[in-house]
> 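The structure that follows is given in the form of C-alpha cells.
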Amino acid sequence: MLVKIIDACNDLSVQVHPNDEYAALHENSLGKTECWYVLDCKEDTKMVMGHHAKTKEELVKAIENDDYDHLLNKFDIKKGDFFYIPSGTIHAICKGSLIYEAQQSSDITYRVYDYHRKDKDGNERQLHVKQSIDVTTVPYKPYDLAKQVEETIENGTRKELVSSNYLTLNKYDMTGYNKVINDKPFQLVSIIEGQGTVEGKEVRKGDHFVVCSDQKEVDFDGTMTVMICTL
C-alpha cells in the first residue's frame with residue numbers, strides 16, 4: 001500500500017491503470033487500484049473520472065479522433081468528496097486540488113491524454129494508447145456512495161469510505177478519547193484535520209505514521225479527523 005498527498009498546481013495527465021492480471025503479464029508488476037479524498041480545492045476546481053463511451057468501439061473512435069471533450073467525464077469537486085478508482089478507470093487530478101490518495105503499491109500508469117503539452121524541445125509526452133484501450137473498463141460505472149457505512153464510536157464517528165479486495169479506508173471524526181482496534185497486518189494513519197495525541201504522543205494535521213501488527217490497540221485522544229488505510 002501507498003498513501004500520498006498530491007498538491008496539483010497543474011492539470012495532471014489523463015491516466016488509467018491495469019489490473020493485477022494485465023500488469024503481471026505485461027509489466028511484471030501489481031496492478032493499481034486507488035482512491036481519492038479531496039482535502040481541499042480552489043473554487044471551480046475540476047476532476048476527470050470515467051468516460052462516456054458505451055462500447056470499446058466508441059472509446060477507440062473518440063481516442064482516434066482526439067475527441068476528449070466529449071469522451072471524458074469532467075465535473076466540479078469540493079472539499080470532502082471521495083472517489084474509489086478501481087483499475088481500468090480513466091481519471092485525472094486537475095489543478096487547484098489537494099488530494100489524499102491511497103493505492104496499491106504500483107507505479108504502472110498508462111497515459112491516455114496529456115492535453116498536447118510540449119516540453120522545451122517541442123515534444124509531447126509519450127502516451128500509452130494501446131495499453132489504455134486494452135485495460136479501460138467500458139462502460140464506466142461510478143462507485144456507489146450508498147455502500148459507505150457510518151457508525152458512532154465512543155467519541156465521534158467512523159465512516160468506512162471503501163472496503164475492497166485491495167484496500168479499506170476509514171475516516172474517523174474524533175471529538176475526544178477513542179481506542180481503535182488493529183486486527184490488520186498494518187495501519188497507514190494520516191491526521192488530516194485537528195490535533196491530539198496517539199499513545200500519548202502529540203500529533204497534528206499533516207502527520208502520518210504506520211501502526212504495525214504487534215500493536216493491537218491504539219489510543220487516540222483529541223479533536224481531529226483521521227484516515228486509516230488497511231489491506
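Computed from a predicted model, the values in this text were never measured in an experiment.
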> Output yes when a side-chain donor or acceptor of Asp219 lies under 3.5 Å from a complementary backbone atom of Tyr177, and no otherwise.
no
> Tell me the closest heavy-atom pair linking His70 and Asp67, and the distance in Å.
ND1-OD1, 2.8 Å
> Is Lys216 salt-bridged to Asp183, cutoff N-O under 4.0 Å?
no
> Quick check for you: to the nearest 0.5 Å, what is the distance between Leu12 atom CG and Ile93 atom CD1?
5.5 Å
> Do other residues, nucleotides or ligands put more than 12 heavy atoms under 6.0 Å from the CD atom of Gln195?
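Counting other residues, nucleotides and ligands, CD of Gln195 stays at 12 neighbours or fewer.
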> Check this for me: does any side-chain nitrogen of one of Glu193 and Lys79 sit under 4.0 Å from a carboxylate oxygen of the other?
yes
> Quick check on Lys205: does its NZ atom have over 12 non-hydrogen neighbours (other residues, nucleotides or ligands) under 6.0 Å away?
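No, because the 6.0 Å sphere around NZ of Lys205 holds 12 heavy atoms or fewer from other groups.
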> Is a side-chain donor-acceptor pair under 3.5 Å present for Ser190 with His208?
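Yes, a side-chain donor-acceptor pair sits under 3.5 Å.
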> Do Gln126 and Arg111 have side chains that get closer than 4.5 Å, going by heavy atoms?
yes
> Hydrophobic clusters here meaning ILVMFWY residues chained together by side-chain heavy-atom distances under 4.5 Å, can you tell me if Ile191 and Val180 are in one?
yes
> How far apart are the closest heavy atoms of Met47 and Ala92, and which atoms are they?
CG-O, 3.6 Å
> Looking only at heavy atoms, what is the nearest atom pair of Lys78 and Cys41, with distance?
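So the minimum-distance heavy-atom pair works out to CA-SG, 3.7 Å.
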> Does Tyr113 belong to the same Ile/Leu/Val/Met/Phe/Trp/Tyr cluster as Leu71, with side-chain heavy atoms less than 4.5 Å apart forming each link?
yes
> Within the 3.5 Å criterion, strictly below it, is a donor on His26 or Asp134 matched to an acceptor on the partner's side chain?
no
> Quick test of your reading of the model: are Asp207 and Arg204 salt-bridged, counting only N-O distances below 4.0 Å?
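Judged by the 4.0 Å cut-off on N to carboxylate O distance, Asp207 and Arg204 do not form a salt bridge.
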> Looking at every heavy atom in both Val16 and His91, which two are closest together, and how far apart are they?
CA-CE1, 4.2 Å
> Would you say the side chains of Asn155 and Thr175 form a donor-acceptor pair under 3.5 Å?
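Side chains of Asn155 and Thr175: no pair found under 3.5 Å.
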> Phe186: which other cluster members, linking ILVMFWY side chains closer than 4.5 Å, directly or transitively?
Met1, Val3, Ile5, Tyr37, Leu39, Phe82, Tyr84, Leu98, Tyr100, Tyr143, Leu145, Leu161, Val162, Tyr166, Leu167, Leu169, Leu188, Ile192, Val210, Met227, Leu231
